[in-house]
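Hydrogens, waters and symmetry mates are skipped; everything else that's a heavy atom, side chains included, is used.
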Amino acid sequence: MVDIITKKRDGHALTPEEINFFINGYVTGAIPDYQASALTMAIYFRDMSDQEIATLTEAMVHSGDTVDLSGIRGVKVDKHSTGGVGDTTTLVLAPLVAAAGVPVAKMTGRGLGFTGGTIDKLESIPGFHVTLTPEQFIRSVNEDQIAVIGQSSELVPADKKLYALRDVTGSVESIPLIASSIMSKKIAAGADAIVLEVTTGAGAFMKDEEGAVRLAETMVRIGRHVGRTTAAVITDMSQPLGRAVGNALEVKEAIETLRGAGPDDLKELVLTLGSLMVCAAGKMTDPGAAREQLESLLNDGRALEKFRQFVANQGGDPNVIDHPDSLPAARFQIELPAEHSGYITELAADQIGLAAMQLGAGRATKDDRIDPAAGIVLHKKVGDPVKQGESLLTIHSNRQDVTEVTAQLKRSIRFGSRSVRPKLIHGTITE
């Protein structure tokens with residue numbers, strides 16, 4: 001192991017044998033944390049070639065269980081986002097592409113950070129659960145094109161160990177290590193094709209567009225190297241996506257969007273990602289035509305009916321589709337008035353996300369309990385005009401004292417004299 005560390009420290013490429021030796025040894029405990037951290041720091045400074053990253057990804061995939069989805073008919077397309085604030089995308093996207101006949105066999109986890117993960121959001125629907133047997137999971141996807149279960153603890157154990165180590169040793173922001181972490185989980189989960197949303201901006205992991213593009217390109221190359229059709233979309237996360245930040249609030253927003261309404265930016269992102277998923281599944285070849293089909297499914301109610309069916313299949317109360325007000329609601333709704341007139345020039349997504357987490361909408365540690373009713377609903381987005389005293393947002397809280405949260409939110413908002421709206425989609429990478 002010392003030879004492998006010094007070889008990478010000096011800028012040389014590691015062989016497949018060396019990479020597999022490291023992953024196998026680290027997972028079994030033969031290689032200690034201090035040597036693994038030395039290698040990850042060497043990778044951070046010296047980078048890796050495409051071949052090294054692909055080999056590292058495959059070694060991580062085979063460090064534990066892999067999921068066999070061969071029992072599901074059709075091309076299984078998975079979607080992954082590098083994360084953000086108000087990321088309601090999957091709640092709308094999954095039933096929408098399922099309504100287009102694309103099988104959605106989604107394995108996902110709980111959230112850590114700003115807001116809950118997809119499971120946390122769905123579990124704000126009374127009765128909803130993700131405890132399906134493998135047989136129930138496969139049958140649901142074959143019959144109805146959609147099911148969601150929790151991710152197995154035995155999936156990619158190398159990633160769990162490496163991520164925890166990187167988090168405490170200052171080597172998180174490494175493109176090879178981020179790309180292999182994300183792609184190993186997607187590949188191990190059995191997807192035939194993968195569509196990635198790589199966010200950039202204040203509320204994203206990759207703060208600058210250049211880094212986001214490089215990460216997206218790296219993951220697309222990994223996917224193609226291992227025989228998976230892969231595409232990536234670079235999106236803006238300088239402000240929250242949509243208007244809702246919080247679990248039950250985001251479910252309400254998803255239902256509104258599946259009715260053909262909802263925030264324009266959420267709808268645009270869902271249609272962009274969905275058209276790529278439909279094409280990756282081989283249902284259509286032209287993304288423009290795929291987008292038209294998805295718009296039709298939103299407008300005629302078929303996507304909403306697919307969501308209703310999905311919720312009912314997994315024990316949830318389908319009446320929430322018609323009566324979203326029956327979802328968990330906070331005791332207090334507190335308005336935040338504008339202190340100035342003008343135009344919104346900044347809604348710092350990370351600061352708004354932290355405020356939502358303080359309310360209980362997210363987890364600071366994996367053991368924290370989420371309050372499904374807590375969160376924030378924005379009434380204004382970047383570029384919108386505002387008058388002094390007008391409500392900028394509503395805080396949804398189960399505690400009356402939100403002084404700290406209000407101060408956090410005030411710091412996240414800036415005003416200017418002209419309207420400038422950020423571009424949502426920065427680009428698409430398919431090759």
**Study point:** NZ/NE/NH1/NH2 to OD/OE distance under 4.0 Å, Glu209 and Lys423
**Key:** no
Check your understanding: Parallel under 30°, tilted from 30 to 60°, perpendicular over 60°: which one fits the rings of Phe310 and Phe307?
Key -> tilted
Point to revise | Validation row: Ile395, Leu409 side chains within 4.5 angstrom (heavy atoms) | key: yes
Check your understanding: Taking the side chain as C-beta and beyond, is there a heavy-atom pair between Val320 and Val251 under 4.5 Å?
Key -> no
Review point. Could you give the distance from CZ (Arg291) to SG (Cys279), rounded to the nearest 0.5 Å?
Key: 12.5 Å
Practice item. Please answer whether the main-chain N or O of Leu393 pairs with a side-chain N or O of Arg243 as donor and acceptor at a distance below 3.5 Å. Key: no
**Study point:** Arg214/Asp47 salt bridge by N-O under 4.0 Å criterion
**Key:** yes
Revision key, fill the gap. From the list Asp120, Asp371, Asp368, salt bridge (Lys or Arg N to Asp or Glu O under 4.0 Å) with Arg363 holds only for Asp120
Exercise for review: List the atom of Gly260, the atom of Lys267, and the distance in Å for their closest heavy-atom pair.
Suggested key: O-NZ, 3.4 Å
Review point. Is Lys8 reaching over with its side chain to a backbone N or O of Met48, donor-acceptor style, under 3.5 angstrom?
Key: no
Practice item. Report the C-alpha distance between Ile255 and Leu304 in whole Å, list the side-chain angles of each, state the deciding distance to 0.1 Å, and finish with yes or no for side-chain contact (heavy atoms from CB on, under 4.5 Å). Key: CA-CA 7 Å; Ile255 293 168; Leu304 183 68; 4.3 Å; yes
Check your understanding: Less than 4.5 Å apart, any side-chain heavy atom of Leu14 and any of Phe21?
Key -> no
Practice item. Taking all heavy atoms of Glu52 and all of His12, pick out the closest pair and write down the distance. Key: OE2-O, 4.2 Å
Check your understanding: Out of curiosity, Phe45 CZ to Thr40 OG1, how far, rounded to the nearest 0.5 Å?
Key -> 10.5 Å
Check your understanding: Does Lys76 reach the side chain of Val67, with side-chain heavy atoms less than 4.5 Å apart?
Key -> no
Review point. Between Arg308 and Glu305, is there a side-chain N and carboxylate O pair less than 4.0 Å apart?
Key: yes
Check your understanding: Would you say the side chains of Thr406 and Lys410 form a donor-acceptor pair under 3.5 Å?
Key -> no
Check your understanding: Checking Glu58 side chain against Val226 main chain: does a donor-acceptor pair fall under 3.5 Å?
Key -> no
Review point. For Glu404 and Asp401, what are the C-alpha separation, side-chain angles and deciding distance, and is it a side-chain contact (heavy atoms from CB on, under 4.5 Å)?
Key: CA-CA 8 Å; Glu404 290 184 13; Asp401 183 6; over 6 Å; no
Review point. Leu273 pairs by side-chain contact (heavy atoms from CB on, under 4.5 Å) with which of Leu93, Thr428, Thr235?
Key: Leu93
**Study point:** Heavy-atom closest contact (Ala100 atom, Val278 atom, distance)
**Key:** CB-CG2, 4.2 Å
Exercise for review: Could you please spell out the steps behind the side-chain contact (heavy atoms from CB on, under 4.5 Å) verdict for Lys185 and Leu155?
Suggested key: CA-CA 7 Å; Lys185 291 194 286 283; Leu155 210 66; 5.6 Å; no
Check your understanding: Nearest heavy-atom pair of Ile149 and Phe137: which atoms, and what distance?
Key -> CG2-CD1, 3.5 Å
Review point. When you look at Gln145 and Val104, which way does the side-chain contact (heavy atoms from CB on, under 4.5 Å) test go after all the steps?
Key: CA-CA 6 Å; Gln145 276 68 56; Val104 179; over 6 Å; no
Point to revise | Within-4.5 Å side-chain heavy-atom neighbours: Leu91 and Thr118 | key: yes
Review point. Got a second to check how far Leu378's CG is from Ile352's CD1, nearest 0.5 Å?
Key: 5.5 Å
Review point. Which value, rounded to the nearest 0.5 Å, describes the distance between Tyr34 atom OH and Leu39 atom CG?
Key: 14.0 Å
Check your understanding: Side-chain contact, heavy-atom cut-off 4.5 Å: Ile125 with Leu327?
Key -> yes
**Study point:** Pair Thr55-Gln51, side-chain donor/acceptor within less than 3.5 Å
**Key:** yes
Revision key, fill the gap. For Met237 and Val85 the tightest heavy-atom approach is SD-N, 3.5 Å
Exercise for review: Looking only at non-hydrogen atoms, find the nearest pair between Ile222 and Ala179 and report the distance.
Suggested key: CD1-CB, 3.8 Å
**Study point:** Full working for side chain to side chain donor-acceptor pair (under 3.5 Å) between Ser412 and Gln408
**Key:** CA-CA 7 Å; Ser412 73; Gln408 177 89 32; over 6 Å; no
Point to revise | Check: Thr230 side chain, Arg228 main-chain N or O, donor-acceptor pair, under 3.5 Å | key: yes
Check your understanding: Can you tell me if CZ on Arg73 sees more than 12 non-hydrogen neighbours from other groups inside 6.0 Å?
Key -> no
Revision key, fill the gap. When rounded to the nearest 0.5 Å, the distance separating CG of Leu424 from CG of Asp236 is 6.5 Å
Review point. For Ser397, does its backbone N or O pair with a side-chain atom of Arg331 as donor and acceptor, under 3.5 Å?
Key: no
Review point. Looking only at atom types and distance, does a side-chain atom of Lys186 sit under 3.5 Å from a main-chain N or O of Ala193, one as donor and one as acceptor?
Key: no
Review point. Under the criterion side-chain contact (heavy atoms from CB on, under 4.5 Å), which of Thr272, Asp264, Asp265 is the partner of Glu268?
Key: Thr272
Practice item. Rounded to the nearest 0.5 Å, what's the gap from CG on Leu196 to CD1 on Ile234? Could you check? Key: 9.0 Å
Check your understanding: Hey, are the side chains of Pro263 and Lys381 touching, using non-hydrogen atoms and a 4.5 Å cut-off?
Key -> no
Check your understanding: Judged by atom type as modelled, is there a donor-acceptor pair below 3.5 Å linking the side chain of Lys79 to the main-chain atoms of Lys106?
Key -> no
Check your understanding: If only atom types and distance count, is the side chain of Ser174 paired as donor or acceptor with the main-chain N or O of Ser171 below 3.5 Å?
Key -> no
Check your understanding: Distance-only, no hydrogens or angles: does the Lys121 side chain make a donor-acceptor pair with backbone N or O of Asn247 under 3.5 Å?
Key -> no
Point to revise | pair Thr15-Lys7: side-chain heavy atoms closer than 4.5 Å | key: yes
Review point. Is there a donor-acceptor pair closer than 3.5 Å between any side-chain N or O of Gln239 and the backbone N or O of Ala349?
Key: no
